[in-house]
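Written out below as structure tokens is the structure these notes cover.
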Amino acid sequence: MSQHGRRTPARKVRQRAVVAGAAVVALGAGVGVWATGGAGGDGGSVGAPTTTSPGATPSPSRSYPLSEQPRTIPAVREHTPARGPGWQPEQGHRVVVADAGLADEGRLIAGELGLSYAGERDDERPGDVRLEMDEAGAAGANPQSYTLTVRDGRVTIAAPADAGVFYGTRTLKQAVHDGGTAPEGVVEDEPAKPRRGLMLDIARKHYSADWIKDRIRELGDLKFNELGLHFSDDQGFRIESESHPEVVSREHLTKAQVEEIVDLAAERHIEVVPEIDSPGHLGAVLAAHPDLQLRNAQGTPTRGAIDISRVGAAEIVDDLLDEYAGLFPGSQWHLGGDEYQALTVSDPQASYPGLAAAARERYGAGATVADLATGWLNDRAATVRAHDRAPRAWNDGFFRDTSVQPAEDIRVAYWTGKEIGARQPVEYLRAGREVVNYNDEFLYYVLGEPQTFVYPTGQRIYEQWTPRVLRGTQPVPAEYDDRIVGGTFAVWGDIASAQTPAQVAAGIRLPLAATVQKLWDPAPPELSWAEFRALADRLG
């Protein structure tokens, strides 16, 4: 199975097809084996006799054309064609599981396809969809990989882990969408990148819990596995809090609603990654705690910035981090770290002498404001690490030439190269850091299109972007590919009224489809953009 976007050579696929065809010729007349029907570009059957439905034994004298690859988003990485009618869901067909731990996946696909869920079963019946863990192949295998086999009127989805089984059910669901047929043969599939996300800025613009749940269902069907929630910023703090209720905005999500969101996401193998951005972008918190607001040498308040020289600043942020660790049980936590206004001026030490003095007191005579900010980031990383969370921060929260170095385990969320002292992505990669691609040139959907932002199009992502394109339009060298663990499409609410939630959902539909296609397989796609868009429209 391919690992990093390399496709199985066409010659190899043809050889497999010839072998499959020869087997049908040799055995078909004697034992009545399946010959395969093809699935067309829309997932419908091609060439299957109208007198024979999937699930019924074909006449030994019938032959079927070699099947075609199922058309899905993202496209499957490898399909070995065969001859036979394929499989369609019919009344009386069952979903069975080999492991009770796959009950959620089994019930979901059964409900979606109108099948009965039969639970754990060892018997075989015509039309069965069987979900199983491939324990023998689990060692060293990609836990998100799966094999989907359509043969003898049945479907088997096997994977090293339940995530892979779930992705196999998504492929099956798309293949039979709107009356189509899952083609005979074997799909072997896995993503190139383990992290595939959508980030929602719910701080600047409030979205209802139901709207977010709809996005989760959409993401699950597309095989995304992260949903970032940026829920604290200057404009709002959008999740109920017991430790600091005074910071919560009027429009917000209750903790009960967040629990429902997290649970639904978990059912779709999506991890919710929370973000409380600090030490900048804390305006909503500071509105209730003005004594903690950073002020410059003239005493002027600095928008959104907390005074990191004050003990109370760390206490309130850590209170919130500790509180929400129980609400978000995933493995990741986004610490923000970007656009701290004290470090966007030409001389931070002169403009913010209080910060400079605190830096020297803590780190020595030559320490700078950037050292103090790095120490802040490390301290917040320690807070979430105590809850077994892996920390992540925006690339402009990492500073050049500081005596204090960011903790080695803080993952870089690379979004821009426009900040003062900007560094090329290669600097982070060369240092051995893992990077998540949030490239604002391609993956930023900023409401109202302020500054130089324009709404990204699915076509541009599909035709020009890959996970190695971290900054601007040029890819980093291939030698760093393994350090880029994934990518995230981000929706920001800078001008919140510019679009309704329904318009946002419609606007990001095709960009999301294009993004996950390139994260699943960064190689040039087989379909043209027009074909891909038509497929996305058919799949809904």
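Keep in mind that the numbers below use all heavy atoms, side chains included, and drop hydrogens, waters and symmetry copies. Treat the numbers as computed from the prediction; the structure is a model and nothing was measured.
- Taking 4.0 Å as the cut-off between side-chain N and carboxylate O, Arg400 and Glu427 count as a salt-bridged pair.
- Looking at Asp277, its side chain does come within 3.5 Å of a backbone N or O of Gly337 through a donor-acceptor pair.
- The cationic atom of Arg468 (NZ for Lys, CZ for Arg) does not lie both less than 6.0 Å from the six-membered ring centre of Tyr414 and within 45° of the ring axis.
- Side-chain atoms of Gln405 come within 3.5 Å of backbone N or O of Thr402 as a donor-acceptor pair.
- Heavy atoms only, all atoms of each residue included: Val469 and Asn439 are closest at O-ND2, 3.0 Å.
- If you check the side chains of His269 and Asn225, you find no donor sitting under 3.5 Å from an acceptor.
- Taking every heavy atom of both residues into account, Ser249 and Gly236 meet most closely at OG-CA, 3.2 Å.
- Panel note: side chain Tyr428, backbone Asn395; a donor-acceptor pair is recorded below 3.5 Å.
- Atom CD of Glu408 has 12 or fewer heavy atoms from other residues, nucleotides or ligands within 6.0 Å.
- A donor-acceptor pair is defined here as one N or O able to donate and one able to accept, closer than 3.5 Å; no such pair exists between the side chain of Gln464 and the backbone of Tyr462.
- Taking the six-membered ring where the residue is Trp, the centroids of Tyr438 and Trp394 are separated by under 6.0 Å.
- No side-chain N or O of Glu240 forms a donor-acceptor pair with one of His252 less than 3.5 Å apart.
- Among residues two or more places apart in sequence or in another chain, the side-chain contact (heavy atoms from CB on, under 4.5 Å) test is passed with Glu259 by Leu327.
- For Arg195 and Glu271, the salt-bridge test passes: some basic side-chain N is under 4.0 Å from an acidic carboxylate O.
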Show the numbers, then the answer: is there a side-chain hydrogen bond (donor to acceptor under 3.5 Å, both in side chains) between Thr302 and Tyr352?
CA-CA 10 Å; Thr302 302; Tyr352 295 93; 2.8 Å; yes

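- Here the straight-line distance linking atom CD1 of Ile461 with atom OG1 of Thr515 works out to 3.5 Å at 0.5 Å rounding.
- Between the side chains of Arg303 and Gln293, not a single donor N or O lies within less than 3.5 Å of an accepting N or O.
- Taking CG of Leu286 as the reference point, atom CG of Asp291 lies at 9.0 Å (rounded to 0.5 Å).
- Classification of Asp221 and Arg170 as a salt-bridged pair holds, one side-chain N sitting under 4.0 Å from a carboxylate O.
- The heavy-atom pair separating Pro191 from Gln144 by the smallest distance is CG-OE1, 3.5 Å.
- For Glu449, the CD atom counts as densely surrounded, since its 6.0 Å shell holds more than 12 non-hydrogen atoms of other residues, nucleotides or ligands.
- With hydrogens and angles ignored, the 3.5 Å screen pairs a side-chain donor or acceptor of Thr457 with a backbone N or O of Arg460.
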Quick one: do Trp520 and Tyr167 satisfy ring-ring contact (aromatic ring centres under 6.0 Å, His included)? Show the steps, please.
CA-CA 12 Å; Trp520 196 268; Tyr167 298 141; 5.7 Å; yes

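- Look at Arg380 and Asp318 and you find a salt bridge, because one of the NZ, NE, NH1 or NH2 atoms lies within 4.0 Å of a carboxylate O, short of that distance.
- Interatomic distance, Ile239 CD1 to Ser232 OG, rounded to the nearest 0.5 Å: 9.5 Å.
- In this structure, the separation between OG1 on Thr488 and CG on Leu198 is 8.0 Å, given to the nearest 0.5 Å.
- Between the side chains of Trp415 and Asn437, not a single donor N or O lies within less than 3.5 Å of an accepting N or O.
- Aromatic pair Phe489/Trp465: ring centres not closer than 6.0 Å.
- Side-chain contact of Asp189 with Tyr146: a donor-acceptor pair under 3.5 Å is present, judged by distance alone.
- No salt bridge links Arg385 with Asp379; every basic N to acidic carboxylate O contact stays at or beyond 4.0 Å.
- When all heavy atoms of Pro245 and Glu242 are compared, the closest pair comes out as CD-O, 3.4 Å.
- Just one of Leu264, Leu200, Val273 meets the side chain to side chain contact (heavy atoms under 4.5 Å, CB included) condition when paired with Leu227; it is Leu200.
- Side chains of Asp396 and Glu339 form a contact here, defined as non-hydrogen atoms less than 4.5 Å apart.
- A distance-only check finds a donor-acceptor pair linking the side chain of Ser145 to the backbone of Asn142 [under 3.5 Å].
- The residues Glu260 and Lys213 are annotated as salt-bridged, a charged nitrogen and a carboxylate oxygen being separated by less than 4.0 angstrom.
- Looking only at distances, a side-chain donor or acceptor of Arg196 sits under 3.5 Å from a matching main-chain atom of Lys193.
- Side-chain atoms of Thr368 and Asp371 form a donor-acceptor pair, as typed in the model, at a separation below 3.5 Å.
- Rounding to the nearest 0.5 Å places OH of Tyr207 at 13.5 Å from CG of Asp214.
- Judged by distance alone, the side chain of Asp307 and the main-chain N or O of Leu294 form no donor-acceptor pair under 3.5 Å.
- A donor-acceptor contact closer than 3.5 angstrom is absent between the side chains of Lys205 and Ser497.
- The two atoms that bring Arg268 and Gly220 nearest to each other are CG-CA, 4.0 Å, heavy atoms only.
- Between Trp492 and Tyr445, a ring centre-to-centre spacing not shorter than 6.0 Å is recorded.
- Here the shortest heavy-atom pairing between Ala158 and Asp134 reads CB-CB, 4.2 Å.
- Evaluation of the side-chain contact (heavy atoms from CB on, under 4.5 Å) rule for Leu320 yields Phe237, Ser241, Ser243, His244, Ile276, Val285, Glu323, Tyr324 as partners, not counting sequence neighbours.
- For Gln349 (side chain) and Ala356 (main-chain N/O), no donor-acceptor pair under 3.5 Å exists by modelled atom type.
- Comment: Arg392 engages Glu226 in a salt bridge, judged by a side-chain N to carboxylate O separation of less than 4.0 angstrom.
- Here the CZ-CD distance, from Phe231 to Glu275, works out to 9.0 Å after rounding to the nearest 0.5 Å.
- Taking a cutoff of 4.0 Å between a charged side-chain nitrogen and a carboxylate oxygen, Arg509 and Glu218 do not qualify as a salt bridge.
- Although no hydrogens or angles enter the test, the distance criterion places a donor-acceptor pair under 3.5 Å between the side chain of Arg389 and the main chain of Phe328.
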